[in-house]
Trainee: 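I have a structure I would like to understand better, so I am pasting it below and will then ask my questions one at a time.
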Amino acid sequence: MTEYNPRAIEEKWQLRWAASRAFEVVEDPSRPKFYALEMFAYPSGHAHVGHVRNYMIGDVMARVKRMRGYNVLHPFGWDAFGLPAENAAIQSGIHPETSTLANIAHMKGQLQRLGISYAWERELATCLPEYYKWNQWLFLRMFERDLAYRKRSTVNWCSSCQTVLANEQVVDGGCWRCGTPVTTRELEQWFLRITAVADELLSAIDRLEDWPEKVLTMQRNWIGRSEGARVRFPLVTGTMDGGSVDIEAFTTRIDTIFGATFVLLAPEHPLVERLADESNNPAGFRASADRFRRQDRTARLTGDVEKEGFDTGRRATNPFTGEQVPIWVANFVLGDYGTGAVMGVPAHDQRDFEFARKFGLPIRVVIQPDGDGAQPLDGSTLGEAFEQPGRVVNSGEFDGLWSTEAISVMSEKAERRGTGQRTVQFRLKDWGVSRQRYWGTPIPIVHCESCGLVPVPDSELPVILPKVIEFTGRGDSPLAAVPDFVNTTCPACGRPARRETDTMDTFVDSSWYFYRFCDPHNDSRPFDPAKAAYWCPVDFYSGGIEHAILHLIYSRFFARVYRELGLVAHDEPFSRLLTQGMVLKDGRVMSKSKGNVVDPDDMIRKYGADALRLYVMFVAPPEKEVEWSDAGLEGAFRFLMRVWRFVQLWCDVLGHRPAGAIDGRTLSGPERALRRKTHETIRRVTHDLDPRVHLNTAVSALMELVNELYQFSEQHTRTGAPGRKGTDVGAADGERPESLAVLAEAVDALVLMLAPFTPHVAEELWERLGREGGLVHAPWPTFDPDIARGEEVVVPVQVNGKVRGRVAVPIDASDADIERRALAEPSVVQHVGGRTVRKIIVAKGRLVSIVVQ
RNA sequence: GCGAAAGUGGCGGAACUGGCAGACGCGCUGGACUUAGGAUCCAGUAGCCGAAAGGCUGUGGGGGUUCGAAUCCCCCCUUUCGCACCA
């Protein structure tokens, strides 16, 4: 008997797969397609088992789909631009390109040693000009359509990364990458107009049926649609100025406007500067506003920030009451949401209520609760704001309306009189993509003194990222220090001009790479639309939950941009999404800095890639996080040993033969039972893999089948179970031709079904079974539902809710028949004990429930 | 604070639409084989009572619906995640 030697087997099959280009594919309209994709990797250097879990999950799905006859695209690539490589360069002086390419080479080796079935000839890396050229191309198309634009704005700034962050990249007020508290800066920045499709991104969420609900909720909240109205409160002109100015306030509760007893401005509101100038203490005014602005983000992190504000001394007119109300600046009003100004309705908004309480501003009830026993509210005794809808009062002609009616009636009135209009407000903001860093895609724009912003012509793409550069780590764009790069001529007028020196956020790279995989070597277009039409959308996309908003919302946006460009026809790029759980070690997320990483290569050396794959698939459902366990991995290895030994026994001693036709009528009881187990296992594994993706239970079904095989050989063959030595066990009746035929069927099915999980050992066993052609495209085993179900079922019988006996009945027994047998069962009779049977429920094939007095 | 998901043996987890709770694995216990075994094979392993047969209890807690609830409903507790003054 040959020993199970994972290392030799795995190297052998990895070489064979590579030599035969086993996972390469071309479009084939005659077959159904399946696009399996795992989120591509940032080449950090070494992948730990937390990273590779995702690739294993995707690989199981890709492999099973191949065996089921699908034309499977399963590519991989590298999200190769980004800050860590550049920061490392500042420290070490090693060029990011050098370190990135070395990291890619190492990680690619890791994935190959795991036997992941990637179509490596489609491999891409975003840091290569052949890829980022198309980032630039797309940016220019967006620029032409006004989907990419430049504006001066307050941006999120990470002082450690020395760059701008998109809103999506601010996590708990800190940088998503390093956690440094985010501050703000005023900068000229490039933005992508994701808000243009905000409504569509939101409404299409309802059709993403195969996405985790959690991700959809996060996206809905992120987009944050709210319907309301903008209402103008004219500034009451003071003595210092003549012109008329309106303060526009956004509200979702225009029905409460008669209760608006003040107006609040965000410290960032543009009018604040002017009001400061016109105030009698401009310096003090500015100091307070500045203090509020600085509070934002960082101060809020620690919890509730005390509401603060100051009176500007000016007044605005409530357009509905005609009343002049004070204008305050308040720290809790957000400058970047809505209009940066709100009407203060203390009776019906808790924040305004607290503010009014603190500063002694009037509280006026204009909505009364309406219902059984509702007590009328009184502004002077109110303990908290009444925020529910109710009956409108103290509001002139609108009195008596219900809140919801009042909202539409009052909005209409405001529109008629020109003092406001209905709007939809989104929390989602345009995506700031400028980064003041080196290691990214250069933005293909030229700044010309006479022509302004001039796009680089398509024919001059790509704008190559210069190689020679000094890494200083200072806050300006490193490219600005490269004269050969910066100095150019204007494509429009030919005069000297300067190149844009910002690079693109790397999330631009990752927002469309899944299309590039369809046609990765195209040098005239980002990809051939026909090829993308064949492969896309991605059928099965898996990756970490941390991308629930960032990557997954940007990609949905880019899909719509490509659709507008006529390159794709679908709306949604990913049909099904699986967010895999993390792998913890000692209760914490694996990370190099914490020193608790498990390197797949170490495990492969010890137990082999197959055992590692099997363990990771088996330990928990893919979505759940798991705690790493060496003992669990050993268990998986032991299981493969058991499989190996059994197949060896089968080949060497029992005399293997290919599975053939089996005549069910000639089988003995145990033969029947084993055959049933085989078919039942095929049914379970098939269903668990696709569509359920319950990889852990699929593995456990295979383990059960192996246990059954051991039982069978122990009890019905001369040799006993594998590993059993020297005892006189079993009868030789298991070596009847019928037994061997049933065993052959079981062994074939087992090896075939192991192939997606443990491809190397499965291939090896298949070859030893004398099979040719390999397992990559071997047909997935099929089951006969009748055989899987068996001929008999054991039905538990309950008496008053407790199981008191079991009866074995034929699978097709009638309810009456089952009932009769149940009542005749001695243990049941004993528990019924002569009492009156009030009711009998027969749940066919599952249970009999007898209710007695 | 708001929102979502989840609480099952010593541990990871099973239980598809309400129908035998604890599959499968880890760990542990015993046995076989052995010079030996931390290898292998076999068996046992939710708790309590019992020599056993068997009985009782049991899926975070409390109520409810039902012949029947881990699963559905209500209240509470805990944990995790997300959002965090969005007017």
Side-chain angles (χ1 to χ4, degrees), chain A residues 171-173 212-218 220-222 224-226 228 249-253 256 264 266 296 300-301 303-305 307 330-334 336-339 341-345 348-352 354-355 387 425-427 545 548-549 614-615 618-621 623-627 629-636 638-639 641-642 645 684 687-688 692 694 696-704 706-707 710-711 714 720-727 729 794-803 805-806 827 838-852:
Chain A
V171 178
D172 290 339
E213 198 51 47
K214 181 189 170 99
V215 174
L216 299 181
T217 305
M218 284 168 72
R220 279 193 191 99
N221 293 340
W222 190 260
R225 184 182 198 273
S226 73
F250 175 70
T251 179
T252 56
R253 290 295 302 276
T256 64
L264 296 173
D296 278 33
R300 285 179 193 161
L301 274 183
D304 287 357
V305 173
K307 287 185 173 48
N331 63 342
F332 65 94
V333 178
L334 304 172
D336 56 3
Y337 182 77
T339 57
V342 297
M343 60 186 205
V345 187
H348 304 294
D349 181 285
Q350 186 59 25
R351 297 158 299 188
D352 296 344
E354 288 166 23
F355 193 77
E387 295 185 324
Q425 189 65 45
F426 291 96
R427 186 181 170 282
I545 185 76
I549 292 176
L614 190 75
Y615 161 66
F618 174 64
V619 68
E623 298 84 352
K624 267 203 78 157
E625 66 178 22
V626 297
E627 173 69 30
S629 149
D630 286 326
L633 174 55
E634 275 186 56
R638 273 202 292 271
F639 170 73
M641 289 281 282
R642 269 166 80 76
R645 275 197 219 94
R684 278 174 63 189
H687 189 222
D688 278 352
R692 302 213 309 160
H694 287 197
N696 54 328
T697 52
V699 174
S700 68
L702 293 172
M703 289 174 168
E704 283 183 50
V706 172
N707 291 344
Y710 268 69
Q711 290 281 315
E714 169 79 6
R724 167 78 80 170
K725 273 183 268 172
T727 37
V729 294
V794 175
V795 179
V797 183
Q798 291 183 345
V799 179
N800 283 356
K802 287 192 175 21
V803 177
R806 284 159 219 283
S827 56
R838 298 185 63 116
K839 200 170 183 180
I840 300 184
I841 293 116
V842 179
K844 191 155 189 174
R846 283 197 291 244
L847 178 130
V848 178
S849 182
I850 300 171
V851 191
V852 299

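Here is how names work: the chains are called A, B, and so on, in the same order as the sequence lines, proteins then strands, and each is numbered from 1.
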Trainee: May I have the distance from A/Lys214 (atom NZ) to B/rC2 (atom P), rounded to whole angstrom?
Mentor: 18 Å
Trainee: On RNA chain B, does the nearest nucleotide to A/Arg806 precede the nearest nucleotide to A/Met703 from the 5' side, or the other way round? Give the residue.
Mentor: A/Arg806
Trainee: When you check the phosphate oxygens OP1 and OP2 of B/rA84, does a side-chain N or O of A/Arg427 lie under 4.0 Å from one of them?
Mentor: yes
Trainee: Taking any strand in view, what nucleotide pairs with B/rC26 in a Watson-Crick or G-U wobble way, both distances under 3.5 Å?
Mentor: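 Matched B/rC26 with B/rG10 under the 3.5 Å cut-off.
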Trainee: Please list, pair by pair, any protein nitrogen or oxygen found under 3.5 Å from a nitrogen or oxygen in nucleotides 43-47 of chain B.
Mentor:
residue: B/rA43; atom: OP1; partner: A/Gln711; partner atom: NE2; Å: 3.2

Trainee: If pairing requires Watson-Crick or G-U wobble contacts with both distances under 3.5 Å, which nucleotide is the partner of B/rA5?
Mentor: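 Pair assignment: B/rA5 / B/rU79.
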Trainee: Would you state whether a donor and an acceptor, one from the side chain of A/Arg253 and one from the base of B/rA87, lie under 3.5 Å apart?
Mentor: no
Trainee: Find the partner of B/rG19: check Watson-Crick (N1-N3 plus N6-O4 or O6-N4) and G-U wobble (N1-O2, O6-N3) distances, both under 3.5 Å, and reply none if neither fits.
Mentor: B/rC67
Trainee: Less than 4.0 angstrom between a side-chain N/O of A/Arg638 and OP1 or OP2 of B/rG27, yes or no?
Mentor: yes
Trainee: Measure from the side chain of A/Leu847, starting at C-beta and using heavy atoms only, and say which of B/rC41, B/rG19, B/rC86 lies closest.
Mentor: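 Taking heavy atoms from C-beta onward, the closest nucleotide is B/rG19.
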Trainee: Who are the side chain to side chain contact (heavy atoms under 4.5 Å, CB included) partners of A/Val342, not counting sequence neighbours?
Mentor: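 With neighbours one apart ignored, the set is A/Leu264, A/Val333.
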Trainee: Scan every strand shown for a Watson-Crick or G-U wobble partner of B/rC56, both distances under 3.5 Å, and answer none if you come up empty.
Mentor: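 B/rC56 is paired, partner B/rG47.
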Trainee: Paired with B/rU40 by Watson-Crick or G-U wobble geometry, both distances under 3.5 Å: which nucleotide is it?
Mentor: B/rA32
Trainee: Of the options B/rC20, B/rG3, B/rG19, whose atoms approach the side-chain atoms of A/Thr217 most closely?
Mentor: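 Selected nucleotide (nearest to the side chain): B/rG3.
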Trainee: Please report, rounded to the nearest Å, how far the P atom of B/rC86 is from the CG atom of A/Asp349.
Mentor: 8 Å
Trainee: Given B/rG3, B/rC26, B/rU17, which nucleotide is nearest the side-chain atoms of A/Ala631?
Mentor: B/rC26
Trainee: How many Å lie between CH2 on A/Trp222 and P on B/rC2, as a whole number?
Mentor: 22 Å
Trainee: Taking atom C1' of B/rA15 as reference, at what distance in whole Å does atom CZ of A/Arg846 sit?
Mentor: 13 Å
Trainee: Between A/Arg645 (CZ) and B/rU40 (P), how many Å, whole number?
Mentor: 6 Å
Trainee: Please determine, for the side chain of A/Val342, which listed nucleotide (B/rA87, B/rG19, B/rC24) has the closest atom?
Mentor: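 So the nucleotide nearest the side chain must be B/rA87.
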Trainee: In whole angstrom, what separates A/Arg642's CZ from B/rC42's C1'?
Mentor: 10 Å
Trainee: Between A/Arg642 and A/Asn707, is any side-chain donor less than 3.5 angstrom from a side-chain acceptor?
Mentor: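 Checked: A/Arg642/A/Asn707 side chains pair up, N/O donor to acceptor below 3.5 Å.
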Trainee: The side chain of A/Asn707 lies closest to which of these nucleotides: B/rA87, B/rG25, B/rG19?
Mentor: B/rG25
Trainee: For a quick test of reading the model, state the closest non-hydrogen atom pair linking A/Ala620 to A/Val626 and the distance between them.
Mentor: CB-CG1, 3.1 Å
Trainee: When every nucleotide of nucleotides 7-14 of chain B is labelled 5' to 3' by its protein contacts under 4.0 Å (heavy atoms), B for base, S for sugar-phosphate only, - for none, what sequence of letters results?
Mentor: -----BSS
